[in-house]
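Positions are given from 1 along the sequence.
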Amino acid sequence: MTPSPPPPPDDAWIRSYHRLLPESQSLLASRRSIIPVAISRVNQFDAARLDVEMSAMLKEQLVKVFTLMKPGMLFQYEPELDAFLEFLIWRFSIWVDKPTPGNALMNLRYRDERVLAKVYSRIVRTGLEGPGLTAPQKIWYCVASVGGQYLFSRLQSFSAFRRWGDSEQRPLARRLWTLIQRIEGIYKAASFLNLLSFLYTGRYRNLIEKALKARLVYRSPHMNRSVSFEYMNRQLVWNEFSEMLLLLLPLLNSSAVKNILSPFAKDKSSSTKEDTVNCPICQVDPAIPFIALPCQHRYCYYCIRTRCASAASFRCLRCNEPVVAIQREGVSSGK
């Protein structure tokens with residue numbers, strides 16, 4: 001009778017567990033499929049549009065501060081102003097790991113796509129996990145989006161002011177102008193191809209995000225995209241109403257409308273002497289008074305002469321009678 005094998009030590013199962021745990025984790029990670037994340041393209045476009053609107057609102061408020069300064073002073077510093085506002089938005093949003101105003105409203109954030117392998121080696125629940133942008137990515141984002149746009153706009157304005165495109169005597173300037181145009185054309189073509197890729201895959205709205213591997217994903221997987229159509233409806237109604245007015249107002253006879261509304265105005269008996277003495281066009285005492293015939297109302301010579309020359313059937317603004325002739329005040333018609 002053979003002797004029975006000795007019992008295993010008490011910690012044998014624990015040692016076997018720790019020895020096989022890395023192999024089991026690697027096996028599970030290799031078989032785990034990557035969860036596809038579908039980020040709404042409309043959300044991403046809306047976020048970009050909202051960021052542009054926010055920058056425009058900040059620019060409008062900043063320009064109001066300089067309203068009392070010399071007119072046109074800010075026009076020559078407009079690229080610097082735009083770059084300053086874009087830098088402020090970048091500094092207080094992306095640099096401090098916060099979404100931009102548009103991204104925050106659309107429940108989006110930037111994720112570093114270069115470290116997805118490390119993320120999926122752990123437990124993945126929603127497919128939205130992943131670290132934000134690193135410090136070099138943030139700096140390059142600022143350099144490309146803020147500094148790149150500023151340098152290109154300045155270069156364009158400088159070359160247009162120096163008339164590099166029309167300079168036939170300076171071949172160097174002409175070559176630089178051609179190089180700028182080619183670079184711009186290549187950039188636009190690449191942006192168009194990236195747009196087609198974005199519409200197909202839903203990743204990377206622009207070339208900067210594609211170069212930095214900065215992808216927009218949802219901040220919270222449980223937050224629904226809440227859209228309020230109240231502002232949109234008001235905007236659509238006002239746009240349609242304004243377009244209708246722009247179409248109808250030129251077709252209306254202003255004099256006829258004025259006659260219709262005149263009974264609802266103040267009584268003629270309440271009109272002062274100043275109302276009958278002043279020119280009804282410029283509302284001042286005529287320097288060279290002329291009267292309209294046959295209604296005998298006073299006008300400035302230049303005002304009534306200009307109106308009669310521009311409109312063949314000019315009517316008096318006080319009584320709406322057709323003006324057939326004009327005459328200097330104090331001169332009888334018989335002379």
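The aromatic rings of W95 and W90 are tilted relative to each other, their planes meeting at an angle between 30° and 60°. In this pair, Y301 and F290 present their aromatic rings tilted. The plane angle is within the 30 to 60° band.
A donor-acceptor pair under 3.5 Å links the side-chain atoms of N194 to the main chain of Y204, judged by distance alone. Side-chain N or O atoms of R111 include none that pairs as donor or acceptor with a backbone N or O of R215 at under 3.5 Å. Between the side chain of R307 and the backbone N or O of R315 there is no donor-acceptor pair closer than 3.5 Å. With hydrogens and angles ignored, the 3.5 Å screen pairs a side-chain donor or acceptor of Q137 with a backbone N or O of L212. Within the 3.5 Å criterion, the main-chain N or O of Y150 finds no donor-acceptor partner in the side chain of D82. Formation of a donor-acceptor pair under 3.5 Å by the S242 side chain with backbone atoms of N239 is found in this model. Q149 places no side-chain N or O within 3.5 Å of a backbone atom of V146 that could act as its donor or acceptor partner.
Across every non-hydrogen atom of V63 and L81, the tightest pair is CG2-CD2, 4.1 Å. Counting all heavy atoms, side chain and backbone alike, C279 lies closest to R318 at C-NH2, 4.2 Å. Among all heavy-atom pairs drawn from G102 and D51, the shortest one is N-OD1, 2.7 Å. Of all heavy-atom pairs between P79 and S153, the closest is CB-OG, 3.7 Å. Across every non-hydrogen atom of W177 and S159, the tightest pair is CZ3-OG, 3.3 Å. Across P280 and Q283, no two heavy atoms sit closer than the pair O-NE2, 2.9 Å.
The neighbour count for R305 CZ, taken as heavy atoms of other residues, nucleotides or ligands under 6.0 Å away, does not exceed 12. Heavy-atom contacts from other residues, nucleotides or ligands closer than 6.0 Å to CZ of F84 number 12 or fewer.
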- [ ] Please assess L216 against N103 for the test side-chain contact (heavy atoms from CB on, under 4.5 Å), listing each intermediate value before the final yes or no.
- [x] CA-CA 9 Å; L216 285 173; N103 292 343; 3.8 Å; yes
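Under a 4.0 Å N-O distance rule, the pair E209/R203 does not qualify as a salt bridge. Between K138 and D97, at least one side-chain N (NZ, or NE/NH1/NH2) sits under 4.0 Å from a carboxylate O, which counts as a salt bridge. Ionic pairing of D285 and R298 is present here: one or more N-O contacts between side-chain nitrogen and carboxylate oxygen are shorter than 4.0 angstrom.
The distance between the ring centers of F198 and F45 falls below 6.0 angstrom. Here Y187 and F152 keep their ring centres 6.0 angstrom or further from each other.
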